[in-house]
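This is a predicted model, so every value here is computed, not measured. A note on names: the letters A, B, ... follow the listed sequences, proteins ahead of strands, and every chain is numbered from 1.
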Amino acid sequence: MNTLPLAMLTAAPALELSHVTRRFAGRGRGHALFTAIEKLSFTVARGEFVSVVGPSGCGKSTILNLVAGLDQPSEGVVHLGGAPVLGPSQHVGFMLQKDLLLPWRTILHNVEFGLETRGLSATARRERALRELKRCRLLELAERYPYQLSGGQRQRAALARTLAIEPEMVLLDEPFSALDAQTKLVLQRSFADTIATTGVTTLLITHDLSEAVAMSDRILVMSERPGRIVENIDVGLPHRDNPLARQSLPRARALMAHLFDALHLEERLDG
Amino acid sequence: MPSSADELTASLPRGMDGPSSASLPGWLQAVVLPGASLLVAFIALVIWQYLPPALGVPKYIIPVPSALVEEMVRMWSQENLLMHIGSTTTMAVIGFALGGLFGAVFGYLLGLSPLWERILSPYILALQIAPKVAFAPLFIMWFGYNAIPKLIVTVLVVFFPILVNVLQSMRTVDRDLVNLARAYSMNGSQIFWKVRFPSSVPNLMAGLRIGATLAVIGVTVGELVGGEVGLGYLITFGEGQANTAMVFDAIFLLTLIGIVMYWLVAFIETRALHYIPKAHV
């Protein structure tokens, strides 16, 4: 991956999905395949923050696995920085709803986890980990174990681990959905700020419409399974680094109302 | 580090910050509960000492505590008790170590190979259910009256709970953690040593704790069936002489060995698993 010509790396979009379909073998005797996503195409530009919203079970997490190289498409290609994704890549970091911190490691060693396959010296690893912990304001907790941290602190540690590998692209799969309402607001602010500082390309998968509006440059709305992109909305609002400020803008409310319609939530209230 | 202790405690969830959550104050608990336990033991000993003679139960049926102490002193000076204790302890420790090692290694190998696990699982289940101690006479017929049959029985008895515990933990490793490691381009052996193995340590330690107590049972059966040495042998010897006190003493010492082994493993366990918050009672 590191041997790519530089021109190709800079010219190509950070992420490109072309006609990607993913089918899974059905459970039970029928052997019926079920299609998680179908002919999905979209691109994410360098430095862009894109959110994917859609009904539950529309294949949002399938997209994440395909981009992370943990799964392969049945049809179509995923390109990262111009190169096809054939397996896990050094350039992608991902984060889930669960913090996935290793309970037997200190926060510092957890942040170093992703760096251990990068051929760095122990000192270089430590330096980078400490730098990310500082950025995520967790330096004081470096020697603590995960159980000693609050849910919000743990997600911040997970972000520090994700950013420590200096990824080209960060995948966030509902990273705030397990947190209480207040922690969520604080953490969205903290993440938005950190991501804006690093300028890293970000794909956020979420079911929270206000979160999508508050944090992203662009929103992709997906249909029910098989998942397809039904709408591509440019947010075009200021304050990407401050979700709270953005959420109070009148245009943000209008956008949320629009998303609400796009997902046909009204109709579903009856069902 | 500048962070104050207060700040950390403030960030901890409730109930994790110490044993003070129970109803009694800490110092009182530390004194009253062990005191009550000792009192129970004392009362039981007093009843044991005076009730059987009062009811006319002969001492070859139920020897009183003072007779047990006398017999213990006699065994020490005349029956080479220390040698028997040493033999049983050595066998239990070696059998435990070998059984634990084999159980863990097979557990991890099978855990890494779902195909072999599926092929072998009916036999593992059968062997797990089979009463391992019943094999003791067989091993004596094969290997004679020496240390080997005892050791094999002990290893077998210890082997299975550890195998099953490790296998169980390998099956239940968090898929997302493994995927995270894969996403960081880790290979199979890195994933094993950095994720799967550490995840399994709580189960491994639980298996070892069970194994430590079973080891004493394995050795005892081996010695009962075909020994010329060890506390199990002293039980059969005492039985032959109608020396009930000797049997009682040997059982007491075997229990003591088991408790010490269990306690040592539990001690190592708390040290190894320091990163897991203490369960608050």
Side-chain angles (χ1 to χ4, degrees), chain A residues 1 61 64-65 67-71 85 87-110 112-119 138-154 158 161-162 164-165 167 169-171 173 183, chain B residues 1-19 21 169-170 172-206 268-280:
Chain A
M1 285 296 231
S61 297
L64 184 129
N65 284 334
V67 177
L70 296 171
D71 193 7
V85 174
S89 150
Q90 303 261 329
H91 306 296
V92 179
F94 82 84
M95 240 190 96
L96 307 182
Q97 179 183 335
K98 289 190 280 181
D99 55 65
L100 295 183
L101 296 173
L102 305 172
W104 53 88
R105 289 188 178 217
T106 61
I107 297 304
L108 178 63
H109 285 115
N110 263 293
E112 285 186 31
F113 181 63
L115 297 169
E116 286 165 12
T117 44
R118 304 279 150 135
L138 284 169
L139 216 45
E140 287 75 34
L141 300 173
E143 297 302 326
R144 305 285 180 218
Y145 285 86
Y147 81 92
Q148 296 171 307
L149 270 61
S150 68
Q153 290 168 333
R154 287 158 72 138
R161 179 188 58 201
T162 309
I165 61 166
M169 167 116 223
V170 171
L171 308 171
D173 190 358
T183 311
Chain B
M1 195 158 294
S3 94
S4 68
D6 298 342
E7 199 184 313
L8 177 75
T9 338
S11 71
L12 282 174
R14 246 165 220 288
M16 284 194 181
D17 49 0
S21 48
S169 73
M170 290 292 281
T172 52
V173 174
D174 189 338
R175 290 296 311 158
D176 290 324
L177 272 183
V178 174
N179 273 340
L180 181 76
R182 281 178 58 209
Y184 286 134
S185 318
M186 290 188 180
N187 61 33
S189 89
Q190 284 169 320
I191 293 177
F192 178 79
W193 289 111
K194 288 176 195 286
V195 178
R196 292 185 201 272
F197 176 71
S199 302
S200 74
V201 171
N203 279 50
L204 173 66
M205 294 309 300
I268 295 169
E269 185 180 9
T270 29
R271 297 299 291 269
L273 301 180
H274 63 92
Y275 57 84
I276 294 175
K278 307 271 177 302
H280 34 98

Is any side-chain heavy atom of A:Arg105 closer than 4.5 Å to a side-chain heavy atom of B:Tyr275?
no
Side chain to side chain, A:Glu116 and B:Tyr184, heavy atoms closer than 4.5 Å:
no
Close contacts, residues 172-182 of chain B versus chain A, judged by heavy atoms under 4.5 Å:
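B:Asp174, B:Asp176, B:Leu177, B:Asn179, B:Leu180, B:Ala181, B:Arg182, listed by number.
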Contact origin within B:Val195 toward chain A - heavy atom pairs under 4.5 Å:
both
A:Pro88 and B:Ser185: which non-hydrogen atoms are nearest, and at how many Å?
O-OG, 4.2 Å
So, the part of A:Leu96 with a heavy atom under 4.5 Å from chain B: the answer is side chain
Side chain, backbone, both or neither: which part of A:Leu100 has an atom under 4.5 Å from a heavy atom of chain B?
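Answer is both: backbone and side chain atoms of A:Leu100 are under 4.5 Å from chain B.
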For B:Pro198, all residues meeting side chain to side chain contact (heavy atoms under 4.5 Å, CB included), sequence neighbours excluded
A:Trp104
Suppose we screen for side chain to side chain contact (heavy atoms under 4.5 Å, CB included). Which residues come up paired with B:Asn203, at least two apart in sequence or across chains?
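Only B:Asn165, B:Gln168, B:Ser169 meet the side chain to side chain contact (heavy atoms under 4.5 Å, CB included) criterion with B:Asn203.
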Heavy-atom pairs under 4.5 Å with chain B are the metric here; pick the option from A:Pro103, A:Gly93, A:Ala68 that has the most.
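Winner by heavy-atom pair count: A:Pro103.
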Quick one: salt bridge (charged side-chain N to carboxylate O under 4.0 Å, His left out) partners of A:Glu112, sequence neighbours excluded?
A:Arg125, A:Arg126
